[in-house]
Amino acid sequence: MTNATLDRPTTTDRTDENPRRTPRRLHGPVLAATRIVVAFLFLCHGLQGFGALGGIDGAGTALPVGSWPAYYASVLEVVTAVLVGLGLFTRPAAVLASGAMAYAYFTVHQPMALLPLHNMGEQAALFSWIFLLIAVLGPGSLALDNLRRARAKSLENH
């Protein structure tokens, strides 16, 4: 057999029959579920700055209104979490959330110690990388961006 023969897919190579591969039909829903869960967790994180969900100290304390950069970080977290969760302007919102968490990591956590485990920066690092991944991969299914795209396409065709 030649390499060309080996590279050709056969009927047994279909993704739904090969347990070593994730079926393509699951990519959109799994990405959407991840996007929604991560956005919800990020929303909770942002709402703490306003005193919700135990606040910043577990006793309901909110950040002082207008304090830089913490108060504005909470505003940014809430806005980007809602946008990413809805799948609306997902890519730019995810880039903004990723950058905000990278900034938080390097200005708040990293000066305390080099490794995230030692500087309590695991959350910021994970949020930053997950939002970057969402920005690159897109919203998946169940996103308002998909409706916007479909509507724009239908308007072009008419």
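No hydrogens, no waters, no symmetry mates; every other heavy atom, side chains included, goes into these values. Quantities reported herein were computed from a predicted structural model and do not represent experimental measurements.
Hydrophobic clustering, with ILVMFWY side chains joined whenever heavy atoms are under 4.5 angstrom apart, keeps Phe40 apart from Val82. Val79 is not connected to Leu76 by any chain of hydrophobic side-chain contacts under 4.5 Å among Ile, Leu, Val, Met, Phe, Trp and Tyr, and they are in different clusters. Ile130 is not connected to Leu117 by any chain of hydrophobic side-chain contacts under 4.5 Å among Ile, Leu, Val, Met, Phe, Trp and Tyr, and they are in different clusters. Residues Phe50 and Leu53 share a hydrophobic cluster, clusters being chains of Ile/Leu/Val/Met/Phe/Trp/Tyr side chains in contact below 4.5 Å. Neither Val136 nor Val37 shares a network with the other; the hydrophobic side chains, linked directly or stepwise wherever heavy atoms of I, L, V, M, F, W or Y lie under 4.5 Å apart, form separate groups for each.
Ring pair Phe131/Phe127 is parallel by interplanar angle, where below 30° counts as parallel and above 60° as perpendicular.
Heavy atoms only, all atoms of each residue included: Tyr105 and Leu114 are closest at OH-O, 3.2 Å. A pairwise comparison of heavy atoms in Asn119 and Gln110 identifies ND2-CA, 3.5 Å as the closest pair. For Ile134 against Arg35, the heavy-atom pair with the smallest separation is CD1-CA, 3.9 Å. Annotation for Gly49 and Ser74: closest pair CA-OG, 3.3 Å, computed over non-hydrogen atoms. When all heavy atoms of Ala143 and Pro139 are compared, the closest pair comes out as CB-CB, 3.5 Å. Nearest heavy-atom pair, Glu77 versus Gly46, reported as atom, atom and distance to 0.1 Å: OE1-CA, 3.1 Å.
Annotation: the span from Leu115 atom CG to His109 atom NE2 amounts to 14.0 Å, rounded to 0.5 Å. With rounding to the nearest 0.5 angstrom, the CH2 atom of Trp129 is 10.0 Å from the CG atom of Leu133. For the atom pair Leu47 CG and Leu43 CG, the distance stands at 4.5 Å (nearest 0.5 Å). Note that CG of Leu137 and NE2 of His27 are 10.0 Å apart. Values are rounded to the nearest 0.5 Å. For the atom pair Leu26 CG and Leu31 CG, the distance stands at 12.0 Å (nearest 0.5 Å). The line from CG of Leu96 to CE of Met101 is 10.0 Å long, rounded to the nearest 0.5 Å.
His118 has its side chain out of reach of Met112: every pair of non-hydrogen atoms, C-beta onward, lies at least 4.5 Å apart. Ile56 has its side chain within reach of Leu63: a pair of non-hydrogen atoms, C-beta onward, lies under 4.5 Å apart. Contact annotation: the side chain of Tyr103 never approaches that of Val108 to less than 4.5 Å [non-hydrogen atoms, C-beta and beyond]. With a 4.5 Å cut-off on side-chain heavy atoms, Phe42 and Val84 do not count as touching.
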- Query: Given the rule in the side chain to side chain contact (heavy atoms under 4.5 Å, CB included) test, do Val75 and Tyr71 qualify, once you have shown the distances and angles that lead to the verdict?
  - Reply: CA-CA 6 Å; Val75 171; Tyr71 177 81; 3.9 Å; yes
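Of the candidates Asp145, Leu144, Ile36, Leu144 is the only one forming a side chain to side chain contact (heavy atoms under 4.5 Å, CB included) with Leu86.
At distances below 3.5 Å, not a single donor-acceptor pair connects side-chain atoms of Arg148 with backbone N or O atoms of Leu88. Not a single donor-acceptor pair under 3.5 Å links the side chain of Thr61 to the backbone N or O of Asp57. Although no hydrogens or angles enter the test, the distance criterion places a donor-acceptor pair under 3.5 Å between the side chain of Asn146 and the main chain of Gly140. Remark: the backbone N or O of Gly87 is paired with a side-chain donor or acceptor of Thr90 at under 3.5 angstrom.
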